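All values below come from the heavy atoms of this structure, side chains included, with hydrogens, waters and symmetry mates left out. Being a predicted model, the structure only gives us computed values, none of them experimental.
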Protein chains: 2
Amino acid sequence: MGTEYTTDNMTPEIKAMHEVIYGIDGQRNQAREIQALQDTIYVIGGKWKLPIINSICNGNKRFREIERSIPGITTRMLSRELRDMELNKLITRTVSPGPPVLVEYESTSYCKTFGHIIFEMIKWGIDHREKLKREQ
Amino acid sequence: MGTEYTTDNMTPEIKAMHEVIYGIDGQRNQAREIQALQDTIYVIGGKWKLPIINSICNGNKRFREIERSIPGITTRMLSRELRDMELNKLITRTVSPGPPVLVEYESTSYCKTFGHIIFEMIKWGIDHREKLKREQ
DNA sequence: GTAACCAGTATCACAGAGTATACCAGCAAC
DNA sequence: GTTGCTGGTATACTCTGTGATACTGGTTAC
């Protein structure tokens, strides 16, 4: 059933992804979809990770810079998330002893792979607010 | 600074979104970005909402269907999230008294606006697993 | 009548994400 | 010396999202 297609012309990566979503036989592979979605939620879930990633990708490097750019975050949470993200190789932390001591956080290429997700989420949020405005 | 642009040709919606992201003067509006991102996280955050949305959008309508399609979820959490999502008009719940009683959940158009986010998250999750496989 | 399914509810438990608030050493600016 | 900033840490606490497990009434299939 379903439309005919050929994967002959695809690159190996695209072909693999296609086969995960649609399966070998072209049927939607719901089990793989849900697994992928849950994997992603596991990695970037929580209240603060994406805002911190977004802030650093926007060029904020310093602890207080990042803190100021995210309304509502506490130093406790920021510190904890930064450490966790460094361990998971989402960001790098570079210390220049100075004086004064200078610590800089930067995104890794792995971190940047969330760009599309963050972009879609920002778009949704903006559009949502526009819609709420129009409904008033 | 930055590249010149004109918004004259844009639809009102696109123009409004453009101005939120870039501001009137074309500069990135980080404050609006973070607000939009936090709004989105507020609405769809948590471990189960997106998997449930995805399951219902994939055509699962019945409580146990949805339950079976999401590994790890408990009836407690599913019931709770479905109620919450119905209250927030993400889904509709239709009861046919039967016998036997038949309850069907369906996504609303509002619910479907998360499609792009979910798609990007599934893509990321699939790509991430492919990369891990290649690194072994 | 027994088993299985449907669509949940009930009850108890708790881990950990998140919060509130104060504080620290070192440095710079005045 | 006082104030402000940096880059956090310390401590106690909250609370909520989540989990585990058993259970319910109604129905169907055999």
Item to complete: Spell out yes or no: do the side chain of T75(A) and the base of dT9(D) have one donor N/O and one acceptor N/O closer than 3.5 Å?
Response: yes
Worksheet item: In whole angstrom, what separates L102(A)'s CG from dC27(C)'s P?
Response: 14 Å
Worksheet item: Taking atom types as they are modelled, is there a donor-acceptor pair under 3.5 Å from the base of dG8(D) to the side chain of R64(A)?
Response: yes
Worksheet entry | Ionic contact status for R64(A) with E67(A), cut-off 4.0 Å | yes
Worksheet, complete the sentence: note: L82(A), atom CG; dG18(C), atom P; distance rounded to Å ~ 13 Å
Worksheet entry | Rounded interatomic separation in angstrom, taking NZ from K61(B) and C1' from dC6(C) | 17 Å
Worksheet item: What integer distance in Å separates W48(B):CH2 from dG17(D):C1'?
Response: 11 Å
Practice prompt. For the side chain of P100(A), starting at C-beta, report the closest nucleotide among dT27(D), dA28(C), dT9(C).
Written response: dA28(C)
Practice prompt. Using only heavy-atom distances, decide whether a donor-acceptor pair under 3.5 angstrom links the side-chain of R83(B) to the base of dT9(C).
Written response: no
Discussion item. Parallel, tilted or perpendicular: which one describes the rings of Y110(A) and F114(A), with boundaries at 30° and 60°?
Written reply: tilted
Worksheet item: Atom CG of N60(B) to atom C1' of dA7(C): distance rounded to whole Å?
Response: 15 Å
Worksheet item: Base, sugar-phosphate, or nothing for E67(B), non-hydrogen atoms under 4.0 angstrom?
Response: nothing
Worksheet item: Which part of the nucleic acid, if any, lies within contact of E104(B), taking any heavy atom under 4.0 Å across all strands shown: a base, the sugar-phosphate backbone alone, or nothing?
Response: nothing
Discussion item. Y105(B) and side chain to side chain donor-acceptor pair (under 3.5 Å): which single residue from R93(B), R62(B), K61(B) fits?
Written reply: R93(B)
Worksheet, complete the sentence: Of Y105(B) and T74(A), the one whose closest nucleotide on DNA chain C sits nearer the 5' end is Y105(B)
Worksheet item: Ignoring hydrogens and angles, are the base of dG7(D) and the side chain of R62(A) linked by a donor-acceptor pair under 3.5 Å?
Response: no
Worksheet item: Nearest 0.5 Å, what's the CD-CZ distance between Q30(B) and R68(A)?
Response: 11.0 Å
Worksheet item: Ignoring hydrogens and angles, are the base of dG8(D) and the side chain of R76(A) linked by a donor-acceptor pair under 3.5 Å?
Response: no
Practice prompt. Send over the distance from I73(B) CD1 to dG17(D) P, rounded to a whole Å.
Written response: 14 Å
Response to the item:
Interatomic distance, CD1@I118(A) vs OG1@T113(A), rounded to 0.5 Å, equals 9.0 Å
Discussion item. If the cut-off is 4.0 Å, is R93(B) near the phosphate of dG8(C), judged by side-chain N/O to OP1 or OP2?
Written reply: yes
Worksheet item: Are OP1 or OP2 of dG17(D) and a side-chain N or O of K47(A) less than 4.0 angstrom apart?
Response: no
Fill in: Rounded distance in Å - CD (E65(A)) to P (dT6(D))
8 Å
Practice prompt. Output yes when at least one side-chain N/O atom of S79(B) is less than 4.0 Å from OP1 or OP2 of dG8(C), else no.
Written response: no
Item to complete: May I have the distance from M77(A) (atom CE) to dT16(D) (atom P), rounded to whole angstrom?
Response: 16 Å
